[in-house]
Amino acid sequence: MFAEFLQFLFSGITVGAIYALVGLGFAIIYNASHVINFAQGEFVMLGGMNTVFFISVGMPMPVAMLLAVVVTIFIGLALEKFAIEPARDASIVTLIIITIGASIFLRGAAQVIWGRNFHSLKPISGNDPVMIGGAAVLPQSLWVLGCTIVIVIALMFFFNRTLVGKAIVASAHNPLAARLVGINPRFIMLLSFGLSAMLGGIAGILIAPISLAYPGVGIMLGLKGFCAAILGGLGNPMGAIIAGLIVGISEAVTAGYISSAYKDAVAFIIILGVLFFKPSGLFGVRGTERV
Amino acid sequence: MLLATSNLSCHYGRIQALRDIDITVNEGELVALVGANGAGKTTLLRTISGIEPASGGSVQFDGNDITMASSDNRVKMGIVQVPEGRQIFGPMSVEDNLMLGGYTRTPAERTETLEQAYEMFPVLKMRRTSPAGTLSGGQQQMLAMSRALMARPRLLLLDEPSMGLAPLLVDEIFATVKKLRESGTTIFLVEQNAYMALAIADRGYVLEAGGIVLADTGPTLLANDKVKEAYLGI
């Protein structure tokens with residue numbers, strides 16, 4: 001009984017950690033620009049697909065992973081430079097629609113280049129489960145968790161201890177004052193997209209052995225990451241992490257105790273619940289739009 | 001001439017906020033700009049800082065045309081503004097606010113200027129780990145000014161430094177402005193408190209409905225009947 005619950009909990013935390021990383025990506029770009037980047041899920045797809053591709057051309061796994069993250073970062077930077085920046089005087093809604101267009105474009109490009117097939121990626125350290133309290137945990141789950149923790153700590157260090165990180169935070173709090181101390185808002189935007197693409201790419205590599213890699217993998221992961229971002233309070237990085245875990249665990253528990261057919265519905269019920277009852281999210285401080 | 005604008009205009013959409021502004025600020029001077037609410041004082045400062053684009057005319061700084069320069073490049077050149085309403089980074093610590101003020105400077109310069117700022121305003125050192133938003137209004141103004149000084153300005157633009165402060169604090173802020181001028185900083189001061197601003201200024205301009213209507217030395221403007229009537233309430 002308890003072992004069963006533990007089993008659901010572990011699989012929920014694993015997928016929740018991925019949602020958390022995706023949600024963090026949403027939060028970072030939202031803070032820099034108030035744009036909700038709907039291409040965030042495609043960054044996840046690109047991380048997985050590129051790794052599969054680089055391994056298929058004969059590269060060792062670690063090199064393939066590193067390259068995949070680098071390529072994803074460059075695509076994120078290119079998205080900002082060539083699609084968002086030229087339209088930076090447009091309204092936020094326009095920019096959001098551009099990101100939706102970009103996500104469709106990236107998905108289509110992936111289908112053209114790599115085909116529509118599903119690809120599997122070998123787990124980083126094998127498939128033999130580890131038994132924890134009667135629950136079987138895949139080593140990949142431990143990798144997902146470990147990497148997420150490392151990334152979150154690294155990000156906290158970046159935002160709280162480095163001047164560039166503080167500049168991003170400052171730009172989110174007060175864009176005018178940030179410009180007046182000499183922070184270049186375009187650089188901050190570019191950096192945010194690069195950072196979010198990196199998070200998405202890493203999440204995509206980590207989840208690929210569990211979810212498979214295919215051009216459409218980013219749709220659901222992106223939407224659930226978005227769900228985590230708004231449940232945690234848009235623009236609140238810590239909230240996004242906690243909310244990501246909440247979404248992941250609710251999903252796994254629903255799949256386990258009710259039916260896996262309802263698994264995907266959970267995230268959307270949560271979105272509806274947040275919008276109806278607490279639009280600012282669990283940890284959001286602002287109830288109204290900043291102008 | 002450190003700063004000169006010629007025929008400078010600025011539009012918000014189709015509404016003209018500034019027209020044909022010609023002002024100069026010389027090295028080491030304290031120049032005041034006074035005018036009523038809505039005259040365009042803040043717009044002028046924002047145009048000089050590169051926040052609002054000019055719709056006509058030019059801005060020269062140190063002999064270079066900077067009309068098209070970005071706001072961050074202007075800070076690097078030494079045009080630094082203390083904005084209206086202080087605009088500190090509220091949730092961040094006092095020290096983080098100051099360090100960000102020196103964003104365009106080298107780490108060594110930042111550490112050095114930080115020491116000077118703490119020497120000038122010991123209260124900021126005492127509160128350096130507190131969130132800046134928890135400081136009192138006067139302290140926040142001191143923080144905003146120190147943050148600007150962290151960028152090592154060659155020209156300091158002050159937008160309504162006395163706004164919303166108690167009279168005693170207003171005196172203190174003006175004393176600080178005078179001290180900065182004496183230490184050699186060039187200052188362009190925008191104020192609604194025309195009397196205090198003109199009293200410490202070398203020269204002054206009067207802005208009305210987006211245009212300069214009077215320009216003279218500080219004391220002469222103070223004695224001007226029109227200024228007295230319109231801004232000093234005498």
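Here is the naming used below: chain letters follow the sequence lines, and residue numbers restart at 1 for every chain. No hydrogens, no waters, no symmetry mates; every other heavy atom, side chains included, goes into these values.
- Side-chain contact between A/Val181 and B/Arg147 is present, with at least one heavy-atom pair separated by less than 4.5 Å.
- If you measure heavy-atom distances from B/Ile79 to chain A, you find no contacts under 4.5 Å at all.
- Note that the CG atom of B/Leu100 and the NZ atom of A/Lys166 stand 7.0 Å from one another [nearest 0.5 Å].
- For B/Arg110, the part lying near chain A is the side chain, with the backbone staying farther off; criterion is any non-hydrogen pair under 4.5 Å.
- In this structure, A/Arg186 CZ and B/Ser70 OG are separated by 7.5 Å, a value rounded to the nearest 0.5 Å.
- Atom CZ of A/Phe268 is surrounded by more than 12 heavy atoms from other residues, nucleotides or ligands within 6.0 Å.
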(request) Any chance you could lay out the side-chain contact (heavy atoms from CB on, under 4.5 Å) test for B/Ile51 and A/Leu176, step after step, and finish with the verdict? (result) CA-CA 8 Å; B/Ile51 302 288; A/Leu176 171 68; 3.9 Å; yes
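- What you find for B/Phe89 and A/Ala177 is that their closest heavy atoms are CE2-CB, 3.7 Å.
- Rounding to the nearest 0.5 angstrom, the gap separating the CG atom in B/Asn73 from the CG atom in A/Asn184 is 8.0 Å.
- B/Met99 places a side-chain heavy atom less than 4.5 Å from the side chain of A/Leu163.
- The two atoms that bring A/Ala167 and B/Tyr103 nearest to each other are CB-CE1, 3.6 Å, heavy atoms only.
- Within 6.0 Å of atom NZ in A/Lys278, more than 12 heavy atoms from other residues, nucleotides or ligands are found, so the atom counts as buried in its surroundings.
- Counting heavy-atom neighbours within 6.0 Å of B/Ile15 CD1, excluding the residue itself, gives a total of 12 or less.
- For the atom pair CG (B/Leu45) and CG (A/Leu180), the distance works out to 9.5 Å, reported to the nearest 0.5 Å.
- In B/Tyr12, the OH atom is crowded: over 12 heavy atoms of neighbouring residues, nucleotides or ligands sit closer than 6.0 Å.
- When each of B/Arg74, B/Gln81, B/Met92 is checked for heavy-atom pairs under 4.5 Å with chain A, B/Met92 comes out on top.
- In this structure, B/Gly50 and A/Arg179 approach most closely via the heavy-atom pair O-NH2, 3.5 Å.
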